[in-house]
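Here is how names work: the chains are called A, B, and so on, in the same order as the sequence lines, proteins then strands, and each is numbered from 1.
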Amino acid sequence: MEITSMSEALQLHAQILKSGRNQRNHHRHQHDLSKLFTFSALSSNGDLTYARLILDSLPSPNSFHCNTMIRAYSRSPDPVKALHFFLSMLRNSPNRPDKFTYPFLLKSCALLGLTHEGKQLHGLIFKSGFGSDRYVEHSLIHMYCACGESGHAYKVFDKMLARNVISWSSMIDGLVDNDRPLEAIKMFEKMLEDGVEVNEVTVVSVLRACAKTGALGVGRRVHELVKERTIGLKKANVSTALIDMYTKCGCIESARLVFNEIKFNRDVFSWTATISGLASHENCQEAIDLFNQMQELSINPDERTMTAVLSACRNAGWVSEGYTYLKTMHKKYGVWPTIQHYGCVVDLLARAGHLSDAEELIRKMPIEADRVLWRTLIWACKVHKDMNRAERLIKHLESLKMDSNDDCGSLVLIGNVYASAGKWHDKARTRELMNKRGLVKSPGSSKIEIDGAVHEFIVGDSGHSESERIYAKLDEIEEKLKEEEYQPKLYEVLLEVDDEEKAFQLSHHSEKLALAFGLIKTSPRTEIRIVKNLRSCEDCHAFMKVISKIYERDIIMRDRIRFHHFRNGECSCKDYW
DNA sequence: CGTGAGCACT
């Protein structure tokens, strides 16, 4: 009989203590201890000291006990203890690791991003002969991807003799997490070709890939597949992935449709995905209405729901509403504000021009500001041309230890702020700093999907096979813009060059290349969807507005922050961004 | 006794 409750466990423990010294009951005693250990290790909520105490009191723990302990540690808040325990087991215990041991250890490495330790385990696995166990192989794939080593994951995957749906799904999901959504989609297509059954886990992962990259066509096909084969059709996780895919691919109507179809299977995640999607598409009032409906159904918002709500306020410029949500969210919804929430509200205040209030909020908030938050504020200073504040904040940002590649973003922003004020010397200084540290800024890139294939354009790109036609199209556009007396926003070029060169630079921004390609490749009057990795510059934004009018095209552009729907010369954001 | 999974700040 297994133990199923804490009271049973305590009872058993009392019994063990009572009969502890009775030699005749030795086997019984052992058995009870073992049961108690298993229960306490598996039911513990993170604190494993009790389980460990019992384990250490076992006269001769076997490998099952060791594995159970490792599993418990790997799922605890401090998974590194699994590795520590493993090392002590290697040194002090007669038990050897087996094929059950490794998945737990690899999980710990995955959670902690311990590449080096993961590789060492891989070595042990190879030597011990467990390397062809499918569970171990899947754990290896997951570990490598979680450590950002998708190349090694591919190697494990390629060497597998018998791949099943889990092998493929692990690989696809890992690629998505490694910011390789296009490879993930390719994997998925190969999987279909191979005739491997697709399940809801696969579907969720490939939809995440579509969401990241804006592959609406692929996403729609996956949706069809889900309906045809009824793969988790009513599961909330599949619906959420579909909603998120549609919103991030710029198709808020389809997202709404999915959300309406699952009326009776909604959970906090699907509500949040929809609220967040509506907010990013400028349907801020609808987002807040949904938030209220959700509460009427007694579904409690979580941290991300509140982020979505605040981001609706931010995109709409509702300063006092957003500030009130932030101040009352703990009392009303039981959610303590995190850095994301402060980030939204700081952006909300700052973008509305309340720079002092935004700065004060950062300084008074109970958690430490991260670089993203300072950058948000500095960006707003640039927008509102408050150079004194910007320079003061830049000094502060620079004083923070810069050690990750993420700091590239800080230096780029700092350089841009200096450049926009004509301080070329200071700009050059940040440039040198980047070179010295070997930081390479990620270039502007835009993606557009044509007939199910995603094309990516980098700023100044001439590598595309149809490059010539694209540049010819841009020339044609330029002529038409001249007729419209369009003035390029040369001040957006933050280089010390003449106006002609500035105009040239502007005309090669990645979203314009993608747009020209879209105009060539799609039928008249159809929508064009573009996904950009950074924030669009003012010139590109104005450019898209004009193009939407003269070419009679709806253009839906996703930038790093939100969506812009251009139609007939106007943008859904009403130029508030 | 073990493998893969949904929504957040620039």
What is the distance, rounded to the nearest whole Å, between atom [atom1] of [X] and atom [atom2] of [N]?
| X | N | atom1 | atom2 | value |
| --- | --- | --- | --- | --- |
| A/I275 | B/dG6 | CD1 | P | 19 Å |
| A/F104 | B/dC1 | CZ | P | 10 Å |
| A/L140 | B/dG2 | CG | P | 18 Å |
| A/R351 | B/dC9 | CZ | P | 12 Å |
| A/R75 | B/dG2 | CZ | C1' | 9 Å |
| A/F291 | B/dC7 | CZ | P | 19 Å |
| A/R134 | B/dC1 | CZ | C1' | 18 Å |
| A/R562 | B/dC9 | CZ | P | 13 Å |

Checking all strands, does [X] fall into the base, sugar-phosphate, or nothing category for heavy-atom contacts under 4.0 angstrom?
| X | result |
| --- | --- |
| A/K99 | base |
| A/V238 | nothing |
| A/L106 | nothing |
| A/E137 | nothing |
| A/T376 | sugar-phosphate |
| A/N67 | base |
| A/R71 | sugar-phosphate |
| A/L373 | nothing |
| A/F64 | base |

Kindly point out which of [options] is positioned nearest to the side chain of [X]?
| X | options | value |
| --- | --- | --- |
| A/D133 | B/dG2, B/dA8, B/dT10 | B/dG2 |
| A/V372 | B/dA5, B/dC7, B/dT10 | B/dT10 |
| A/E200 | B/dA5, B/dG4, B/dA8 | B/dA5 |
| A/V204 | B/dG2, B/dC1, B/dA5 | B/dA5 |
| A/N199 | B/dT10, B/dG4, B/dC7 | B/dG4 |
| A/T338 | B/dA5, B/dA8, B/dT10 | B/dA8 |
| A/R304 | B/dG2, B/dA8, B/dA5 | B/dA8 |
| A/V201 | B/dA5, B/dC7, B/dT10 | B/dA5 |
| A/T272 | B/dC9, B/dG4, B/dC7 | B/dC7 |
| A/F269 | B/dC7, B/dA5, B/dT10 | B/dC7 |

- Message: Tell me whether the count of non-hydrogen atoms from other residues, nucleotides or ligands lying under 6.0 Å of NZ in A/K364 goes above 12.
- Response: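 Not buried by this count: 12 neighbours or fewer within 6.0 Å.
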
Would you call [X] and [Y] a salt bridge, taking side-chain N to carboxylate O under 4.0 Å as the test?
| X | Y | answer |
| --- | --- | --- |
| A/E511 | A/K447 | no |
| A/K190 | A/E183 | no |
| A/D244 | A/R208 | no |

Can you say whether a donor on the side chain of [X] sits under 3.5 Å from an acceptor on the base of [N], or the other way round?
| X | N | answer |
| --- | --- | --- |
| A/S170 | B/dG4 | no |
| A/D267 | B/dG6 | yes |
| A/D173 | B/dA5 | no |

Determine: side-chain N/O of [X] to OP1/OP2 of [N], distance under 4.0 Å, yes or no.
| X | N | answer |
| --- | --- | --- |
| A/K382 | B/dT10 | no |
| A/R208 | B/dG6 | yes |
| A/R314 | B/dA8 | no |

- Query: Is there aromatic stacking of A/F100 against B/dG2, centre distance under 5.5 Å, plane angle under 30°?
  - Reply: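 No, aromatic ring not over the base.
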
- Query: Passes salt bridge (charged side-chain N to carboxylate O under 4.0 Å, His left out), A/E137 versus A/K159? Steps please.
  - Reply: CA-CA 9 Å; A/E137 288 170 316; A/K159 261 178 54 187; over 6 Å; no

- Message: Could you walk me through whether A/E321 and A/R314 satisfy the salt bridge (charged side-chain N to carboxylate O under 4.0 Å, His left out) test, starting with their C-alpha distance in whole Å, then the side-chain angles of each, then the deciding distance to 0.1 Å, before giving a yes or no?
- Response: CA-CA 9 Å; A/E321 288 84 349; A/R314 180 195 61 185; over 6 Å; no

- Report the C-alpha distance between A/E197 and A/R229 in whole Å, list the side-chain angles of each, state the deciding distance to 0.1 Å, and finish with yes or no for salt bridge (charged side-chain N to carboxylate O under 4.0 Å, His left out). CA-CA 10 Å; A/E197 67 155 324; A/R229 304 190 189 172; over 6 Å; no

- Message: Between A/W168 and A/F157 (judged by ring centroids, cut-off 6.0 Å), do the two rings come close enough to count as a pair?
- Response: yes

